[in-house]
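One structure is given below, encoded as structure tokens.
Scope of the values below: all heavy atoms of this structure, side chains included, with no hydrogens, waters or symmetry mates. Worth saying up front: this structure is predicted, and the values here are computed from it rather than measured.
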Amino acid sequence: MKKANGGLPIALWDTYSSFANTYGGVIILGIKELDDKSWKTTGLKTADKEKLLDNFWNLIHNSQKVNINLLSENDVEVYEVGEDLIIVICVPMAKREQKPVFINNDMFGGTFRRDHSGDYHCTRLQVKAMLRDQTDNTMDMEVLDDALMEDLNKETIQGYRNRHRTLKAGHPFERLDDLEYLRSIGAAAVSDVDKQLHPTAAGMLMFGNEYNIVRHFPEYFLDYRELLDPTIRWTDRLQSSSGEWSGNICDFYFRVYNKMIKDIKVPFKTKGGDRIDDTPVHEALREALANCLINTDFYGVRGVVIKKEPDKLIMENPGYSRTGKAQMRKGGVSDPRNKTLMKMFNLINIGERAGSGVPNIFNVWEDEGWIEPVIEEQFDPDRMILTLEFKKKQAKKTSDKKQAKKTSDKKQAKKTTKNMVEIRKYLQKYGESTTSDIAAHIELSPARTRVIMAEMDDVEAIGGNSNRTYKLK
């Protein structure tokens, strides 16, 4: 809400940028918020409308003020509220290729995001992340011209090829030598600089040694922690920087997945009398872990952190959701931050659900009767957090629901009685009055005010719907 009595508020453009760079939002001009969180019009009149709207459209089409206009005329509406006007501006979420949306011709100083406390300036790191995400070619497709094929870990490559061979016997890539195989799966490519074969960013992340990976991704860090005993800081830990193993994504995935499932109480299932060790829960956990790694911004800070607690798993990765949290939950749209990494996981039957991975996780948890997973998005720094609990939902007792309804009904009745007293006082003082005048006095909507007055035996209505007034009998 913005008052706009002296013209367009300067902060309007900060909010336009922040809504566009986050999840969209609604800006209402001509409204102020009172101390009790209710809203009140500020007295904009018809004479103000044309001046405000002309100024708004002139500025939003001015590239020196806003780098991109996301609005059409249908996104701006004018409404009458009593004798005042309000202007409602619906700002959509910008598409990935349109971000960052910035103001005052200043990309690094005029880009904003929205959080619970309002608009805030984006850091250079956040703006650079938006720029990287603009292109259809994802970051992991880049050819690392100064890296050698020898920088990749041969043992990891052989382990990956063995899995691929076992899962997809007779695959056309099976007969290729290692260099051609890596080129075919996107882990290597010919450089435009020297026309030689070099690792891609995806190949380095998936198969490199940690000390080589950090040369290209200084913030690269993978961390798995088991926190199963509250008296010990952690009962098990696996870090990419330990030097005790390769530290790459491929080896991290398989080591961590085996640790994740070790103590999880997965329901016992059989088929034809044989135990099924690979259940939908296992599949969902593989999907969740792969999704975490595939959508990581490896230039982002604080790295990937997987925490295993009693009856809980928490997966954190740098980077915001490219499709948006709501679309991610809904599924159907696949827009991974690292397309080549996703292809490599797909080749060994991991994370191959094309936009349905996250909804599948929620469906599995629902089928097991467990508490619904929680997706949290943090900004500054950008971070996605998925929390999976292995605990049954607590069914609400019917008596609790009834008690809550009784309490709510009592509170509503108390408010209604108080409003009736205020209406009587107002009508005694001012005599015959319109609904909008009475509603403004008691700070309720006209519709709710009419409902309350209909219940008052000592108040009568005069006239038809369009010009109805009320007075005390």
Side-chain angles (χ1 to χ4, degrees), residues 153 155-156 159 205-214 217-267 277 279 281-320 338 341 345 350-351 358 361 364-365 368 370-392:
N153 187 297
E155 290 183 6
T156 305
L205 290 164
M206 193 75 165
F207 303 119
N209 291 304
E210 188 269 347
Y211 52 82
N212 283 322
I213 296 172
V214 294
F217 301 94
E219 300 293 341
Y220 175 84
F221 183 62
L222 308 177
D223 189 6
Y224 170 80
R225 309 170 192 171
E226 284 188 5
L227 313 164
L228 304 180
D229 185 343
T231 63
I232 304 173
R233 193 175 180 188
W234 51 72
T235 50
D236 189 14
R237 193 170 187 189
L238 181 73
Q239 291 177 285
S240 57
S241 59
S242 68
E244 298 170 350
W245 57 290
S246 67
N248 58 46
I249 287 177
C250 185
D251 290 342
F252 180 79
Y253 174 87
F254 288 105
R255 286 176 179 234
V256 167
Y257 173 70
N258 289 325
K259 289 175 181 288
M260 275 171 36
I261 63 171
K262 188 169 60 175
D263 302 313
I264 291 172
K265 299 177 180 66
V266 177
D277 291 322
T279 68
V281 175
H282 289 88
E283 186 180 357
L285 290 173
R286 290 196 294 272
E287 190 81 40
L289 181 56
N291 192 63
C292 174
L293 296 168
I294 289 166
N295 289 293
T296 289
D297 179 357
F298 289 100
Y299 290 104
V301 297
R302 288 168 48 187
V304 173
V305 179
I306 312 293
K307 290 183 281 191
K308 180 179 176 180
E309 300 177 9
D311 297 322
K312 185 189 293 186
L313 263 174
I314 303 168
M315 301 184 184
E316 304 181 20
N317 64 275
Y320 61 92
N338 299 291
L341 285 179
F345 276 112
I350 297 168
V358 173
I361 294 167
V364 170
W365 254 244
E368 299 298 337
W370 288 335
I371 295 171
E372 184 175 87
V374 176
I375 301 172
E376 182 185 355
E377 190 167 24
Q378 295 180 352
F379 299 116
D380 197 22
D382 295 343
R383 204 157 183 81
M384 293 298 299
I385 303 171
L386 173 66
T387 302
L388 303 170
E389 292 197 60
F390 304 91
K391 290 191 283 191
K392 293 288 185 181

Plane angle bin for Phe217 and Tyr299 - parallel if under 30°, tilted between 30 and 60°, otherwise perpendicular: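 Ring orientation, 0 to 90° scale: tilted.
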
Any side-chain heavy atom of [X] sitting closer than 4.5 Å to one from [Y]?
X: Ile249; Y: Val304; answer: no
X: Leu341; Y: Leu293; answer: no
X: Met384; Y: Asn295; answer: no
X: Ile213; Y: Phe298; answer: no
X: Ile385; Y: Ile314; answer: yes
X: Glu210; Y: Tyr220; answer: yes
X: Phe221; Y: Gln239; answer: yes
X: Phe390; Y: Glu368; answer: no

Counting heavy atoms not belonging to Gln378, are there more than 12 under 6.0 Å from its CD?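 Result for CD/Gln378: enclosed.
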
Please name the pair of heavy atoms, one in [X] and one in [Y], separated by the smallest distance, quoted to 0.1 Å.
X: Pro381; Y: Val301; result: CB-CG2, 3.6 Å
X: Met315; Y: Leu285; result: CE-O, 4.5 Å
X: Asp236; Y: Lys259; result: OD2-NZ, 2.6 Å
X: Trp365; Y: Ala284; result: CZ3-CB, 4.0 Å
X: Gly303; Y: Pro318; result: O-CD, 3.4 Å

[atom1]-[atom2] distance between [X] and [Y], expressed to the nearest 0.5 angstrom:
X: Lys307; Y: Arg225; atom1: NZ; atom2: CZ; value: 6.0 Å
X: Glu316; Y: Glu376; atom1: CD; atom2: CD; value: 8.5 Å
X: Trp370; Y: Lys391; atom1: CH2; atom2: NZ; value: 13.0 Å
X: Leu228; Y: Lys262; atom1: CG; atom2: NZ; value: 8.5 Å
X: Asp382; Y: Tyr320; atom1: CG; atom2: OH; value: 7.5 Å
X: Leu222; Y: Thr296; atom1: CG; atom2: OG1; value: 8.0 Å

Would you check if the side chain of Asp223 reaches a backbone N or O of Val305 as a donor-acceptor pair within less than 3.5 Å?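 No; zero donor-acceptor contacts below 3.5 Å.
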
Step-by-step side-chain contact (heavy atoms from CB on, under 4.5 Å) determination, Ile375 to Val358: CA-CA 10 Å; Ile375 301 172; Val358 173; 3.9 Å; yes

Tabulate below the donor-acceptor pairs under 3.5 Å that side-chain atoms of residues 250-257 make, not counting sequence neighbours, or state none.
from, atom 1, to, atom 2, distance (Å)
Asp251, OD2, Thr156, OG1, 2.8
Asp251, OD2, Ser246, OG, 2.5
Tyr257, OH, Arg286, NH1, 3.2

My understanding is that only one of Thr235, Leu313, Leu227 makes a side chain to side chain contact (heavy atoms under 4.5 Å, CB included) with Lys308; could you say which?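 Among Thr235, Leu313, Leu227, the one meeting side chain to side chain contact (heavy atoms under 4.5 Å, CB included) with Lys308 is Leu313.
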
